[in-house]
Amino acid sequence: MSVLTALRVLPDPGADQSGDGGAAEGSGDTGTAGVSELLLRCQLDLMAQLLLLGGMCEWAVYVALGLPSTPSQPHLRSAAVAELLASSVPEWHGDVAKEAFLTQRLGLPRAVLDTARATHAAYRHDARARCAALLGAGHWRAAHALLASDVAPRLFLDGAIGELRSLLAQLVPHAPGLPDWDTGGGLFLAFLDVAAAPECAAEPRDASGVDSKQLETVLSQLHAACGKWPAMGSGAISGGEAAACNVQLRRQLVFSKMAATLHNRVVGVAGRGGAPGGAGIAALIGVLGVSCLPADLRMSGVATAAAVAAAAVQP
């Protein structure tokens, strides 16, 4: 049908049929519209038949690429292609031949396929797969929002640090343009760097064995994140709010674990006599100022801070 349209044997549904070369008034326009509608119906029927046969999703996409874009439906072709790709992800994703046909023979950008994967992952409520697909498609803001709110806390609690670092590394070059980077991906990245630093280090590394400026930065970011997403109060929640509440509780658990880790490192070094003077006290005060620090650790930290301060003023 595309060939016949190009040869002008059949009318082009997207062409303007109202010019001087059109059909006579009262006869040709109506006939052309009827033929155009018939052509569109034939293409849609062919797509449906290919899908019903199974295993031929790439050929259905091929037919969809020939759909007309008319003034009344300017996005028909792109919408049909996107819907077909998203609904058939399990069939073509991971199939080298089908993916090569879609990208090389049909010329679809890889980002289009990744966007379809993200849509399909959203249908299945698979946040990890959706985040990876959004990154592949170059949707940096959407990927970071999902990573910071859901994926990163899950990976952190599961101990999948390598996977978390890999996702964060893809976002780092785009960090300046990402909203809430410091309290999202930037916080996780800064904490992982601090947590991975050796506990025994020479100056200018103080208190917890990491650079004092680095420790100050991560504490500031953690404090800001705790203020942005305060702890949830008690009370009943409705079924529709359960998923959002789970995300919030998971995030608060991550913040609490981060604060506990920083507290234990700072207090541990101070308890062994490390980081004398103002550096040790400043580090302890910074940790104790984080609102998500568990109460029992806060009390022990206060006691340690008092002991360090007393040792600092002794002659």
Side-chain angles (χ1 to χ4, degrees), residues 1-7 9-10 12-14 36 38-70 73-147 150-151 154-155 158 160 162-174:
M1 289 184 290
S2 299
V3 174
L4 293 176
T5 301
L7 294 174
V9 175
L10 295 175
D12 183 356
S36 300
L38 178 61
L39 289 175
L40 177 59
R41 186 180 304 168
C42 288
Q43 288 174 296
L44 295 176
D45 287 346
L46 179 56
M47 289 165 49
Q49 291 172 19
L50 290 170
L51 293 175
L52 287 173
L53 286 173
M56 303 187 70
C57 65
E58 70 275 27
W59 288 104
V61 173
Y62 168 76
V63 176
L65 287 171
L67 291 176
S69 292
T70 63
Q73 295 177 309
H75 305 295
L76 176 61
R77 181 186 300 124
S78 58
V81 170
E83 183 64 27
L84 284 171
L85 288 172
S87 62
S88 60
V89 166
E91 183 179 333
W92 58 260
H93 180 49
D95 189 311
V96 177
K98 290 184 184 295
E99 291 195 25
F101 183 87
L102 292 170
T103 56
Q104 298 175 20
R105 296 291 297 276
L106 301 187
L108 294 177
R110 187 72 211 184
V112 173
L113 272 63
D114 288 326
T115 301
R117 287 177 48 225
T119 303
H120 186 264
Y123 291 156
R124 295 186 293 110
H125 304 286
D126 188 341
R128 290 191 188 186
R130 185 186 175 201
C131 184
L134 288 172
L135 288 171
H139 300 318
W140 311 117
R141 291 195 174 197
H144 176 252
L146 181 60
L147 178 69
D150 193 348
V151 177
R154 288 177 185 270
L155 295 176
D158 290 345
E163 183 179 351
L164 176 56
R165 280 191 176 276
S166 176
L167 295 175
L168 290 170
Q170 297 179 62
L171 287 171
V172 167
H174 311 280

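This one's a predicted model, so the numbers in the text were calculated from it and none came from an experiment.
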Just verifying a value: how many Å separate L134 CG and L167 CG, rounded to the nearest 0.5 Å?
11.0 Å
Show your reasoning for whether side-chain contact (heavy atoms from CB on, under 4.5 Å) applies to L113 and W92.
CA-CA 10 Å; L113 272 63; W92 58 260; 3.7 Å; yes
What distance do L102 atom CG and H93 atom NE2 have between them, rounded to the nearest 0.5 Å?
12.5 Å
Return a table of donor-acceptor pairs under 3.5 angstrom between the side chains of residues 80-88 and protein atoms on other chains or two or more places apart.
{"from": "S87", "atom 1": "OG", "to": "E83", "atom 2": "O", "distance (Å)": "3.0"}
{"from": "S87", "atom 1": "OG", "to": "L84", "atom 2": "O", "distance (Å)": "3.1"}
{"from": "S88", "atom 1": "OG", "to": "L84", "atom 2": "O", "distance (Å)": "2.6"}

Output, in order, the C-alpha distance, side-chain angles, deciding distance and verdict of side-chain contact (heavy atoms from CB on, under 4.5 Å) for V112 and T103.
CA-CA 9 Å; V112 173; T103 56; over 6 Å; no
Of the non-hydrogen atoms in C131 and V151, which two are nearest, and what is the gap between them?
CB-CG2, 3.9 Å
From L168 CG over to R165 CZ, what is the distance, rounded to the nearest 0.5 angstrom?
8.0 Å
Pair listing, ring pair (Phe, Tyr, Trp, His ring centres under 6.0 Å) test, anchored in residues 101-147, at least two apart:
W59-F101, W140-H174, H144-W181
Looking at E163 and L155, would you say the former's side chain and the latter's main chain have a donor-acceptor pair under 3.5 Å?
no
Can you see which heavy atom on E91 is nearest to which on C57, and at what distance?
OE2-N, 3.0 Å
Examine distances only and state if a side-chain atom of R77 and a backbone atom of L67 form a donor-acceptor pair shorter than 3.5 Å.
yes
Rounded to the nearest 0.5 Å, how far apart are CZ of R128 and CG of L164?
10.0 Å
Side-chain ion pair, R154 and D158, N-O less than 4.0 Å
no
According to salt bridge (charged side-chain N to carboxylate O under 4.0 Å, His left out), does anything in residues 46-60 pair up with another residue at least two apart or in another chain? List the pairs.
E58-K98
Closest heavy-atom contact between A127 and D150?
CB-OD2, 3.7 Å
Only one of T119, D114, T115 forms a side chain to side chain donor-acceptor pair (under 3.5 Å) with R117, so which one is it?
D114
